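Input: a single structure, listed below in structure tokens.
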Amino acid sequence: MAERFKELLLGKPKNPLDPRIFHDLSLIAFFAWIGLGADGLSSSCYGPEEAFLTLGRYTHLGIFLAIAVAATVFILSASYSQIIELFPSGGGGYLVATKLIGPIPGVISGCALLVDYILTVAISIASCVDALFSIFPSHWVAYKFITAIVLLLLLLTLNLRGMKESVVVLTPIFLTFVITHTFIIIYGILSHGSGLHGMVVDTITETRQGIDNIGFIAMAFIFMRAFCLGAGTFTGIEAVSNGLQILREPRVLTGKRTMRYMSISLAFTAGGILVNYLLNGIHKVPGQTLNASLVLQLAGRGALGHIFFLITLLSEGALLLVAAQAGFLGGPRVMSNMAIDNWLPRRFKNLSDRLVIKDGVFVIGLSVLAVLFYTHASVRVLIVMYSINVFITFFLSQLGMVRHCLKTKGPTWIHRISVNIAGLILTGGILIVTIIIKFSEGGWVTLLITSAFIGFCFWVHHHYLRIARALRHLDEILTDLPLPENAPHVEKHLDQPAAILMVTSYNGMGIHSFLEILKSFPGHFKNFVFITVGVIDTDRFRGVHEMMEFQESINKDLNRYVELANKMGFYAESMMLLDTDVNEGLEKLCHDVKSKWPKKMFFTGQLVFEQETLWNRFLHNQTSFALQRKLLFSGLQVMVLPIRVRLGTV
């Protein structure tokens, strides 16, 4: 019953060895624009408003602000298109900073981006709930928080089903937003067609008057402050390069096309909304967003206008829910990349049988839940915490690209470095101003959380380095045993006991377990069967070619174990299986091999620490003990061979 309910909720498991799976799961540019571009596009619901209101009485600067916003979007998008070319298998802020600057800037960028993704989901859900409840009766406000939690659980379930399923479900919402806002922007501008020239003239005149009254520096400060406080508009631009692994082949072409869709739609929407604020004389009305005032003014008071007003606002609220999806797509990918480099527990690169990064999705969901409880889903509190971290990632990515261009150069390096330098100056300036303005208002909480997360990553990395050094000594001793050059021919003896040894790659741990069997049972076992499960995680699940190479490397390692046993005078063979779960894969192999050998005993190695702690159990899987329990109740004898690790002496 539990399995049936799980299948009903999450869908049927997917076969990672199906050659069509990469095509079926990947997103074409259009769906990638929806799944990854909604984060940026949804920021037009609050970014332009925050910037426009900051101008105060100097609203005539709105046209310059619109131009600056559009130009910044195109500059950052052009720079991230270069990143897509340079990192065709996925080049988010973490990988760019790691590869082009160094591991420490990389982990800072990755942690900042991950915290930003968590806050993106939180603020998107909270903003969505605010938009929805602004339409409902006032006495329904008591249900806002529980609604936010329900929406979070809905997104969590959709993402556990699979990334493509979640994007397809949310497509109608995204398209409704695009259509309604395109109409509003075009209609709002064309309805003032005759006044466009006058607006430009008035802008120039009022700007000159403002400079005469308060000075150029003061006017520039007002403009830059508004530009930086509206910088939330630019969040989400990095999402495509972060999620490049989920795009349809050819990924670089799909990624650049997706980035083009995103930049054009964001620049048009954010810039168009700012121009419409100015053209239509929109000002703050209590209880209404500037977007709501704009739509209400352009739609009119009739029945059709009211319906259009409701549809447009509902699409804004719903798009914020779609934007939260970008955090669920991008956040686990960042965690996976960091886990591959041992900055986070290795479990965060594992895939579920639905081929999603289940642990990463759960951590994002639980973190968002904690943030929502801490802020009680208040947009006012969340917006203070938001949009600082993403510019840390932006700045480090631009710095890395500038360094790369200076090192490699090439025929078009002047053009490429110009784009990156412009992006570096813009993101650096916005980062400094945003930290200064938002730090005392509560932005310090975000920086404190990010710093704590960076510290945790360094602790995890240090632990794995100590383990690697301890096991490297074992590898150096055991992988170079003095053995005869040629293995003698050894016959298979079905009537003699067989030792079934579970191994991973050809390393000191596996050889140690093999020798431990010989030492503990001298002369007893005449046959050896080496079995292994090739775990398909995010590091392996990149394409058909990568999967074939992975399978070949596993067979090569197994052949070395067979050769080792043969040279020591034992018959040996091997079996392997590719699976997303090592326990389930090993259980299948054990049941397959038991019918082939009448006399057998199963062995598996397990790291044993001198001081066992909760963190050791968290950072290292307990596969051997969990598998031993399962197989014992299936009637199979399993012995766990301890491999001692003394971290204190490493």
Side-chain angles (χ1 to χ4, degrees), residues 27-49 66 69-70 73-74 77 124 127-132 134-135 151 155 158 164 166-193 233 235-237 239-240 257-277 279-280 282 288-326 329:
L27 303 177
I28 60 174
F30 176 75
F31 284 124
W33 175 42
I34 295 170
L36 301 173
D39 182 16
L41 200 56
S42 69
S43 63
S44 61
C45 299
Y46 50 82
E49 175 175 346
V69 166
V73 169
F74 285 125
S77 298
S124 297
S127 300
C128 171
V129 171
D130 277 359
L132 294 177
S134 63
I135 301 172
L151 291 176
L155 281 176
L158 283 175
K164 193 164 186 177
S166 59
V167 171
V168 171
V169 168
L170 300 172
T171 297
I173 297 172
F174 184 87
L175 293 180
T176 302
F177 176 90
V178 170
I179 293 169
T180 54
H181 285 70
T182 299
F183 175 79
I184 282 293
I185 291 168
I186 294 176
Y187 176 72
I189 293 175
L190 293 182
S191 62
H192 292 78
T233 307
T235 60
I237 291 177
V240 177
R257 185 178 293 129
T258 305
M259 185 65 74
R260 196 177 306 121
Y261 294 164
M262 181 189 294
S263 60
I264 293 172
S265 59
L266 180 56
F268 171 78
T269 306
I273 286 174
L274 280 168
V275 171
N276 268 283
Y277 289 162
L279 273 174
N280 294 278
I282 302 300
Q288 275 190 355
T289 64
L290 292 189
N291 283 10
S293 300
L294 175 64
V295 176
L296 190 62
Q297 180 171 317
L298 293 176
R301 300 287 180 176
L304 288 177
H306 185 66
I307 292 173
F308 182 81
F309 171 75
L310 289 177
I311 292 174
T312 304
L313 285 193
L314 284 171
S315 73
E316 280 197 2
L319 183 74
L320 288 162
L321 187 64
V322 184
Q325 172 65 10
L329 288 178

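No experiment lies behind these values; they were computed from the predicted model shown. These numbers come from the heavy atoms of this one structure, side chains and all, not from hydrogens, waters or symmetry mates.
With hydrogens and angles ignored, the 3.5 Å screen pairs a side-chain donor or acceptor of Ser263 with a backbone N or O of Arg260.
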Test log, rule side chain to side chain contact (heavy atoms under 4.5 Å, CB included), inputs Phe177 and Thr312: CA-CA 7 Å; Phe177 176 90; Thr312 304; over 6 Å; no
Start with the C-alpha distance between Trp33 and Arg257, add both sets of side-chain angles, then the distance that settles side chain to side chain contact (heavy atoms under 4.5 Å, CB included), and finish with yes or no. CA-CA 9 Å; Trp33 175 42; Arg257 185 178 293 129; over 6 Å; no
Report the C-alpha separation of Ile184 and Phe308 in whole Å, then their side-chain angles, then the decisive distance to 0.1 Å, and conclude whether the side chain to side chain contact (heavy atoms under 4.5 Å, CB included) test is met. CA-CA 10 Å; Ile184 282 293; Phe308 182 81; 3.4 Å; yes
For side chain to side chain contact (heavy atoms under 4.5 Å, CB included), just list the numbers for Leu151 and Cys128, CA-CA rounded to whole Å, side-chain angles, deciding distance to a tenth of an Å, and then say yes or no. CA-CA 9 Å; Leu151 291 176; Cys128 171; 4.1 Å; yes
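Shortest non-hydrogen contact noted between Val275 and Ala66 is CG2-CB, 3.8 Å. In this structure, Ile273 and Pro48 approach most closely via the heavy-atom pair CG2-CB, 4.2 Å. Here the shortest heavy-atom pairing between Ser77 and Met259 reads O-CG, 3.6 Å. Closest of all the heavy-atom pairs between Gly188 and Leu298 is CA-CD1, 3.8 Å. Here the closest non-hydrogen pair linking Asn280 and Gln297 is O-NE2, 3.1 Å.
Put simply, OG on Ser191 and CG on Leu279 are 7.5 Å apart, with the number rounded to the nearest 0.5 Å. With rounding to the nearest 0.5 angstrom, the CD1 atom of Ile185 is 9.5 Å from the CG atom of Leu274. In this structure, OG on Ser44 lies 7.0 Å from CG on Leu319, to the nearest 0.5 angstrom. Taking CG of Leu175 as the start and OG1 of Thr180 as the end, the distance is 10.5 Å to the nearest 0.5 Å. Taken to the nearest 0.5 Å, the OG atom of Ser265 stands 5.0 Å off from the CG atom of Leu41.
Applying the side chain to side chain contact (heavy atoms under 4.5 Å, CB included) test to Ile186 and every residue at least two apart in sequence or in another chain returns Thr182, Leu190, Phe268. Considering only residues two or more places apart in sequence or on other chains, Glu316 meets the salt bridge (Lys or Arg N to Asp or Glu O under 4.0 Å) condition with none of them.
Each of Asn291, Leu290, Leu294 was compared with Asn276 under the side chain to side chain contact (heavy atoms under 4.5 Å, CB included) criterion, and only Leu294 meets it.
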